[in-house]
Amino acid sequence: MRSTATAIAASVLAFALAACGFQMRGTASLPFDTIYMPTATGGIALDLKRNIQSGTRTTVVDDPKKADALLEFSQEVREKQILSLGANGRVREYQLRYRVGFRVHDGKGAEYLPTNQLVLTRDVTFNDSDVLSKETEEQLLYRDMQVDMVQQIMRRLATAQPPKAAVQ
């Protein structure tokens with residue numbers, strides 16, 4: 001009796017997921033077979049390299065001459081801006097910003113993606129008595145924003161169009 005109820009519940013759950021359009025992410029399809037990333041040794045470039053290697057059929061190569069596409073980062077900036085002050089003149093809220101600029105080209109002048117700039121923001125409250133915990137929270141938020149940024153760049157890469165052949 002219990003196994004029948006479990007089977008029915010599992011069937012209903014599977015049907016509900018199928019009916020709502022849920023689909024596993026799977027692998028992304030990028031419009032190039034190989035890509036070169038010159039600064040893939042740390043930060044967002046390393047995370048993106050790992051994401052491309054594990055989530056696509058595209059190969060990350062170490063030689064730009066062997067690559068169909070070159071991904072270049074023009075900027076990666078983390079900023080902290082004051083949003084509000086308390087009555088005593090001390091900071092109450094910050095806004096954390098994470099800005100990344102990049103472009104993808106074929107190395108011969110044609111572009112898969114022109115220069116893009118993506119910006120993510122998070123608002124953080126601040127309390128002088130919790131300085132250490134707020135520093136940790138800030139680091140975690142920046143790490144979370146970096147993960148979100150990698151996903152946004154992956155979506156942009158998946159929508160890239162192959163460069164048009166030059167007409168002579």
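Note that these values count all heavy atoms, side chains included, but never hydrogens, waters or copies made by symmetry.
- Within 6.0 Å of atom CG in D62, 12 or fewer heavy atoms from other residues, nucleotides or ligands are found, so the atom counts as exposed in its surroundings.
- Once rounded to the nearest 0.5 Å, the distance linking CZ of R122 with CD of E138 reads 13.0 Å.
- Remark: E135 pairs with V131, L132 by the side-chain contact (heavy atoms from CB on, under 4.5 Å) rule, at least two apart or across chains.
- In this view, R99 and E79 satisfy the side-chain hydrogen bond (donor to acceptor under 3.5 Å, both in side chains) rule, not counting sequence neighbours.
- The side-chain hydrogen bond (donor to acceptor under 3.5 Å, both in side chains) check on S84 picks up E93, with sequence neighbours excluded.
- A distance of 12.0 Å separates CG in L70 from NZ in K65, rounded to the nearest 0.5 Å.
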Pair up each side-chain donor or acceptor in residues 85-92 with any protein partner under 3.5 Å, not counting sequence neighbours, and list the distances.
| unit_1 | atom_1 | unit_2 | atom_2 | d |
| --- | --- | --- | --- | --- |
| N88 | OD1 | R90 | N | 3.2 |
| R90 | NH1 | D128 | OD2 | 2.6 |

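- The structure places OG1 of T58 at 12.0 Å from CG of N51, a figure rounded to the nearest 0.5 Å.
- Residues meeting the side-chain hydrogen bond (donor to acceptor under 3.5 Å, both in side chains) test with D130, sequence neighbours left out: none.
- The line from CD1 of I52 to CD1 of I35 is 4.5 Å long, rounded to the nearest 0.5 Å.
- Pairs of residues two or more places apart, or lying in two chains, that qualify as salt bridge (charged side-chain N to carboxylate O under 4.0 Å, His left out) and include a residue from residues 100-117 are E72-R103, R103-E111.
- Checked against ring pair (Phe, Tyr, Trp, His ring centres under 6.0 Å), Y36 has no partners two or more places apart in sequence or in another chain.
- Pairs engaging residues 101-143 under the ring pair (Phe, Tyr, Trp, His ring centres under 6.0 Å) rule: F32-Y112, Y94-F126 [sequence neighbours left out].
- Under the side-chain contact (heavy atoms from CB on, under 4.5 Å) criterion, T136 pairs with L140, sequence neighbours left out.
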What's the verdict on side chain to side chain contact (heavy atoms under 4.5 Å, CB included) for L120 and Q152, showing C-alpha distance, side-chain angles and the deciding distance? CA-CA 10 Å; L120 296 175; Q152 285 193 26; 3.3 Å; yes
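- In the hydrophobic cluster analysis, where Ile, Leu, Val, Met, Phe, Trp and Tyr join through side-chain heavy atoms closer than 4.5 angstrom, M145 is grouped together with M154.
- Atoms CG and CD1, on L48 and I153 in that order, are 5.5 Å from each other to the nearest 0.5 Å.
- With sequence neighbours excluded, the residues that form a side-chain hydrogen bond (donor to acceptor under 3.5 Å, both in side chains) with N127 are S129.
- Annotation: side-chain contact (heavy atoms from CB on, under 4.5 Å) contacts of R143 (sequence neighbours excluded): D47, Q146, V147.
- Sorted by first and then second residue, the ring pair (Phe, Tyr, Trp, His ring centres under 6.0 Å) pairs with a member in residues 59-81 form an empty list; sequence neighbours excluded.
- Atom CD of Q75 is separated from atom CG of L118 by 10.0 Å, given to the nearest 0.5 angstrom.
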